[in-house]
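Here's the structure we're looking at; comments come further down.
We're numbering straight along the sequence, starting at 1.
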Amino acid sequence: YDAAKPNAKIQFAPEVYNEAIVVRKPGLVFEPIEKSLDVTVRQECKPCFIIDIGPEDTCTINNLKLMLTGPNKELDMKAYQENVEFDMHGSDEVIREFYIKETMYCIVMVKNGILKMNNCILSLDGCTRETHRKVPCIVSNPNSSIEVFHCNFKGDTLQNSFTAGILSLKSDTTIYECSFAHFNAGAIMVDCKPENNVVISENIIMSCQTAGIFVQGVASVPQIQGNKIRFCRCSAIITTLNVDAYIVQNEIQICQIGVEIRNNKSKLFDNQITKSHTYGMKIIGDNNKTLSRPLIWRNRIEQCAHDGII
C-alpha cells in the first residue's frame, strides 16, 4: 500500500496479516480479492489501521476482519497494572477515562479524514483486563468523520476487560445497521459539537455495560432512531447536559434503565421499552443552570420492575 497511488484499490489474498497500516493517501480502498474470502488483519498493541488524510479525503475498508489482542503480559510487564476500575454508570467521566492519545489501544484510529467502513468484523475478544485502559474498536478524533455500515463489533468475553465499540470525539458520525455485543465500557460513546452530524440508526446492541448509547455535548442534536437494545446491565440510552437528541422508534428490552435523560430537552417519540430492571425512563433535573424539559410522546413502556417514568 505504500507504493499505491491515490484512489487505488488494494486487495488482500485470504490470509492473516500482522500489519499496522497507516493510510496517508486519499481515496484508498482496502478489500479482499473476492468478497467471500476470509481476510484478517491482527495486531497486539498498535491499531490495525491509522487514517491520516485530508479533511475531505476518504479511506474505505470493505469486508475485512480486524482484531486487537492486547499486549503479551510476559513480554511487556509495563503495559499492565492490577486492580484499576472505571466508571460503569455512564457519568460525566466515561469519555474522559479513555485517555485519548496516539499510543492508545484501538483497532482503527481516524486522525484526519473520512473513514467509510462496510461489512467488516471488529473483535476485541481476549483483550486482557489488566492493561488498565479502556479499549475501543474505532476512535474518531475531532474534525474527522466516520460512516460505518453493516459491521459487527465484538467486545471481550474472556477477560471481562473494559472494551468499547465506537468512540466518536467531536466528529461527524453515521452508524447504520451494525451489531454490538459484550462491551463493558459502552457500545457507542459520543462526544459531539452542535455542528456535528450524528446519526445512530437501526443497530442491534446486546449485553453491554456503562451505556448502550451515550451522548454528551452541549447543544448537540444527535439522531438515535430504530435501534434494538437488549440485555444491558446499564441504561440503554443516556443523553447528558443540554444534549437535544431525537430518540425515536427504539426498541429496548431487559436493560437496567431504558432511557436516561440528564438536564436536557431531548425528544422521545414512539419508543418501546419493556421489562427494565428498574425504570423505563429516568428524567434527571439537578442542574439549576439549565432546564430539564424533555418531550415524551407516544412511547410504550411495559413491565418495568419499578416505575415506567421517574
State, to 0.1 Å, how close [X] and [Y] come at their nearest heavy-atom pair, and which atoms those are.
| X | Y | answer |
| --- | --- | --- |
| C234 | C255 | O-CB, 3.8 Å |
| C151 | L122 | CB-CD1, 4.4 Å |
| N227 | S201 | OD1-C, 3.6 Å |
| G212 | I205 | O-CD1, 3.9 Å |

Does [X] sit in a hydrophobic cluster with other residues, and if so which ones, taking ILVMFWY side chains as linked at heavy-atom separations under 4.5 Å, directly or through other members?
| X | value |
| --- | --- |
| I284 | none |
| Y176 | F149 |
| M104 | V94, I95, F98, I100, M109, V139, L167, L169, M189, F214, I238 |

Residue list, ring pair (Phe, Tyr, Trp, His ring centres under 6.0 Å) with F183, at least two apart or on another chain: none
Quick one: does any side-chain atom of [X] pair with a main-chain N or O of [Y] as donor and acceptor, under 3.5 Å?
| X | Y | value |
| --- | --- | --- |
| N141 | V110 | yes |
| N203 | C178 | yes |
| N242 | T290 | no |
| N62 | V29 | no |

Contact list for residues 278-302, test ring pair (Phe, Tyr, Trp, His ring centres under 6.0 Å), sequence neighbours left out: F269-W297, Y279-H306
Residue pairs involving residues 3-34 (criterion ring pair (Phe, Tyr, Trp, His ring centres under 6.0 Å); sequence neighbours excluded): F12-Y17, F30-F49
Of all residues at least two apart in sequence or in a different chain, which pass the side-chain contact (heavy atoms from CB on, under 4.5 Å) check with [X]?
| X | value |
| --- | --- |
| Q256 | H277, T278 |
| N152 | I121, S179 |
| A219 | P194 |
| L291 | R293 |

With a 3.5 Å cut-off and no angle check, do the side chains of [X] and [Y] form a donor-acceptor pair?
| X | Y | answer |
| --- | --- | --- |
| N197 | D172 | no |
| Q272 | E251 | no |
| N263 | D286 | yes |
| S266 | N264 | yes |

Listed partners of E97 passing salt bridge (Lys or Arg N to Asp or Glu O under 4.0 Å), at least two apart: K134
Set of residues satisfying salt bridge (Lys or Arg N to Asp or Glu O under 4.0 Å) with respect to E202, sequence neighbours excluded: none
Candidate list T163, D156, N160, test side chain to side chain donor-acceptor pair (under 3.5 Å), partner N184, passing option: N160
Side chain to side chain contact (heavy atoms under 4.5 Å, CB included), paired with I188, selected from I224, I175, V198, I237: I175
